[in-house]
Amino acid sequence: MASLQLRSSFPFRTPTWTSNPPTGRSSLRVRCSAVPPNRRYSVTLLPGDGIGPEVISVAKDVLSLSASLEGIALQFEEMRVGGAAIDADGVPLPEETLSVAKQSDAVLLGAIGGYKWDTNVRDLKPETGLLKLRAGLGVFANLRPATVLPQLVDSSTLKREVAEGVDIMVVRELTGGIYFGNPRGFGKNDNGEDIGFNTEVYAASEIDRIAHIAFETARKRRGRLCSVDKANVLEASVLWRKRVTNVASEYPDVQLSHMYVDNAAMQLVRDPKQFDTIVTNNIFGDILSDEASMITGSIGMLPSASLGESGPGLFEPIHGSAPDIAGQDKANPLATVLSAAMLLRYGLGEENAAKRIEDAVLETLDKGFRTGDIFSAGKVLVGCRRMGEEVLKSVGSQISAMARS
């Protein structure tokens, strides 16, 4: 069985428990076989919009069961964000949601957005809620792994010899750059034409802290870091390259290279195995991480972790809300399930429980179960709920293995 372990690269914190143990279906189902709880955490669930509620429901069950086998009790509190919050509360991120999230030990997000809110003004767009959530939690480092699993290598649109063995970690700066920079807005140019403008701006401290995370990540992987910028055109990228190069002196064991973003986009398709760890700014990371995800065969397979210097991390699949298939039991829940594994590893420091989830996902794929986005001839086509049930069975089978040992 191939390893799906996402190598840890961020210092774990020790969360505090503030609530009672959960009483959800998963924990009840394994209560007799699981280890008695000796560690307790609170997790905020943000289902969001579209397929978000479907995939979060699956991930919650898998997270509960896997945690219980390691003597971990989880309490979940579900809150609104995105379009669901706009409809119910009039804003994309209610103050109560942010408050509950900040007081929890980790946050698991489904997806936000949909056609219904596309024409809203910026302050009332679901995406604004997500940006405010990231800023409110202070999560500046977004870790997005893109690993081609042996079971899914033929799902990649690239040739087998190009895709096989790809294992990339994209470290994206998440709270700076053009998405947050000022000034921004609309106006008129000298000819009286309407214009829209945004500002790409980074402070040295913002670059330094994401660079340190990237070097630490590369150090725990294969020791190679590629910093992606556009320093031949953008002043913000000139500073980016200078600061990353300065930080490199503290990591002599990591090989640093630089690449312009247009070349990086091309190289990811031409020869993705040349990359180990990539660090880049907010907008480039947004684009390149989605490109890297398709090398793996489906954006529905890839998790992410967003981490800060303190407080809870934010864990979410990188796919969108997919309103076209929402409510049809067609969504692939595995990206959210694997985000739950990252939550355990990076957010709570619970390595064994994280690996239980990852092993269960691999076992489920080994058995041939596939949602529509990763389906191929000879496999078993299943929906979101069935895929979740099969992963739960694989996690549950570990109870028998524990008993035999």
### Residues R39 and E350 bridged, charged N to O under 4.0 Å
yes
### salt bridge (Lys or Arg N to Asp or Glu O under 4.0 Å) evaluation trace for D329 with R386
CA-CA 9 Å; D329 194 36; R386 174 71 185 281; over 6 Å; no
### Query
More than 12 heavy atoms of other residues, nucleotides or ligands under 6.0 Å from CD of Q274: is that the case?
yes
### Query
Any chance NZ of K242 has more than 12 other-residue heavy atoms, nucleotides or ligands included, within less than 6.0 Å?
no
### Task
Please collect all salt bridge (Lys or Arg N to Asp or Glu O under 4.0 Å) contacts where either partner lies in residues 368-379, sequence neighbours excluded, each pair once.
none
### Whether T296 side chain and A146 backbone form a donor-acceptor pair below 3.5 Å
no
### Summary
Nearest heavy-atom contact between A331 and V55 is CB-CG1, 4.0 Å
### Task
Write down the atom of L109, the atom of I56, and the distance for their closest heavy-atom approach.
C-CD1, 3.7 Å
### Message
Quick check: do I213 and L143 have side-chain heavy atoms less than 4.5 Å from each other?
### Response
yes
### Query
Where do S304 and I318 come nearest, in terms of heavy atoms and distance?
CB-CG2, 3.7 Å
### Shortest non-hydrogen contact between D290 and S293, atoms and distance
O-OG, 2.5 Å
### Query
Just by modelled atom types, is the G327 backbone N or O under 3.5 Å from a matching donor or acceptor in the E54 side chain?
yes
### Task
Would you check if L338 and V361 make a side-chain contact, meaning some heavy-atom pair closer than 4.5 Å?
yes
### Message
As a quick check of understanding, evaluate side-chain contact (heavy atoms from CB on, under 4.5 Å) for V107 and V139, giving each step before the final call.
### Response
CA-CA 11 Å; V107 181; V139 289; over 6 Å; no
### Message
So M259 and F275, do their side chains get closer than 4.5 Å, heavy atoms only?
### Response
yes
### Check against side-chain contact (heavy atoms from CB on, under 4.5 Å), L307 and F315
CA-CA 9 Å; L307 307 168; F315 304 86; 3.9 Å; yes
### Message
Are more than 12 heavy atoms, taken from residues, nucleotides or ligands other than E235, located less than 6.0 Å from that residue's CD atom?
### Response
no
### Task
Check A204 against R243 and note the closest heavy-atom contact, atom names and distance.
CB-NE, 3.7 Å
### Query
Do the numbers put R219 on top of the ring of Y251, so that NZ or CZ is under 6.0 Å from the six-membered ring centre and no more than 45° off the axis?
no
### Query
If you round to the nearest 0.5 Å, how far is OG of S205 from CD1 of I210?
12.0 Å
### Message
Could you go through K393 and E389, starting from their C-alpha distance and side-chain angles, then the distance that decides it, and tell me whether this counts as salt bridge (Lys or Arg N to Asp or Glu O under 4.0 Å)?
### Response
CA-CA 6 Å; K393 287 179 185 178; E389 290 168 0; 5.9 Å; no
### Message
Before you tell me yes or no, could you show the steps for F215 and L256 under side-chain contact (heavy atoms from CB on, under 4.5 Å), namely the whole-Å CA-CA distance, both residues' side-chain angles and the distance that decides it to 0.1 Å?
### Response
CA-CA 9 Å; F215 277 103; L256 174 66; 4.1 Å; yes
### Message
Tell me whether K330 at atom NZ has more than 12 heavy atoms from other residues, nucleotides or ligands lying less than 6.0 Å away.
### Response
no
### Query
How about N182 and T199: does a side-chain donor come under 3.5 Å of a side-chain acceptor?
no
### Query
Counting distance only, does the side-chain N/O of T128 pair as donor-acceptor with the main-chain N or O of L124 below 3.5 Å?
no
### Query
For residues N281 and E200, is any side-chain donor paired with an opposing acceptor at under 3.5 Å?
yes
### Query
Quick one: does S57's side chain have a donor or acceptor within less than 3.5 Å of a partner on P53's backbone?
no
### Task
Quickly, which of F284, Y202, Y260 forms a ring-ring contact (aromatic ring centres under 6.0 Å, His included) with W240? Name it, please.
Y202
### Task
Measure the spacing between CD of E127 and CG of N120 and express it to the nearest 0.5 Å.
9.5 Å
### side-chain contact (heavy atoms from CB on, under 4.5 Å) between E291 and V269, intermediate numbers included
CA-CA 8 Å; E291 181 187 9; V269 177; 3.0 Å; yes
### Task
Look up atom CG in L74 and atom CG in L348, then write down how far apart they are to the nearest 0.5 Å.
7.0 Å
### Query
So do F140 and E173 actually touch side chain to side chain, heavy atoms under 4.5 Å?
yes
### Query
Do any N or O atoms from the side chain of T371 and from the backbone of N332 form a donor-acceptor pair under 3.5 angstrom?
no
### Query
Is a side-chain donor-acceptor pair under 3.5 Å present for S99 with Q103?
yes
#### Entry: Atom of I295, atom of P272 and distance for their closest heavy-atom approach
CD1-CB, 3.8 Å
### Query
side-chain hydrogen bond (donor to acceptor under 3.5 Å, both in side chains) between H319 and S298: does it pass, once the steps are laid out?
CA-CA 9 Å; H319 60 66; S298 173; over 6 Å; no
### Query
Is a side-chain N or O of K102 found less than 3.5 angstrom from the main chain of L137, in a donor-acceptor match?
no
### CD (E250) with more than 12 external heavy atoms under 6.0 Å
yes
### Task
Please test K367 against E390 for salt bridge (Lys or Arg N to Asp or Glu O under 4.0 Å), starting from the C-alpha separation and ending with a verdict.
CA-CA 9 Å; K367 292 176 179 176; E390 294 300 330; 5.2 Å; no
### Message
Strictly distance-based, threshold 3.5 Å: is any side-chain N or O of D89 a donor or acceptor partner for the main-chain N or O of V91?
### Response
no
### Task
Using a 4.5 Å cut-off on heavy atoms from C-beta on, say whether the side chain of V391 contacts that of L334.
yes
### Task
State the OG1-CG distance between T280 and N142, to the nearest 0.5 angstrom.
12.0 Å
#### Entry: Flag side-chain contact, heavy atom, 4.5 Å: I325 against I51
yes
### Query
In Å, rounded to the nearest 0.5 Å, how long is the span from OG of S289 to CE of M294?
13.0 Å
### Atom pair OG1 (T336) and CE (M342), whose distance is rounded to the nearest 0.5 Å
13.0 Å
### Task
Could you check K116 against D87 for salt bridge (Lys or Arg N to Asp or Glu O under 4.0 Å), going step by step and ending with a plain yes or no?
CA-CA 10 Å; K116 179 180 180 180; D87 291 347; 2.8 Å; yes
### Query
Just wondering, are more than 12 heavy atoms of other shown residues or ligands nearer than 6.0 Å to CZ in F197?
yes
### Query
Is there a side-chain contact between V171 and L225, using heavy atoms and a 4.5 Å cut-off?
no
### Close side-chain approach of L133 and L98, heavy atoms under 4.5 Å
yes
### Query
Counting only N and O atoms by type, is there a donor-acceptor contact under 3.5 Å from the side chain of D49 to the main-chain atoms of G113?
yes
### Task
Give a yes or no on whether the backbone of D276 and the side-chain of R221 come within a donor-acceptor separation of less than 3.5 Å.
yes
### Message
Under a 3.5 Å distance rule, please check whether S68 uses its side chain to pair with a backbone N or O of L65 as donor and acceptor.
### Response
yes
### Message
How about CZ on R184, more than 12 heavy atoms from neighbouring residues, nucleotides or ligands closer than 6.0 Å, or not?
### Response
yes
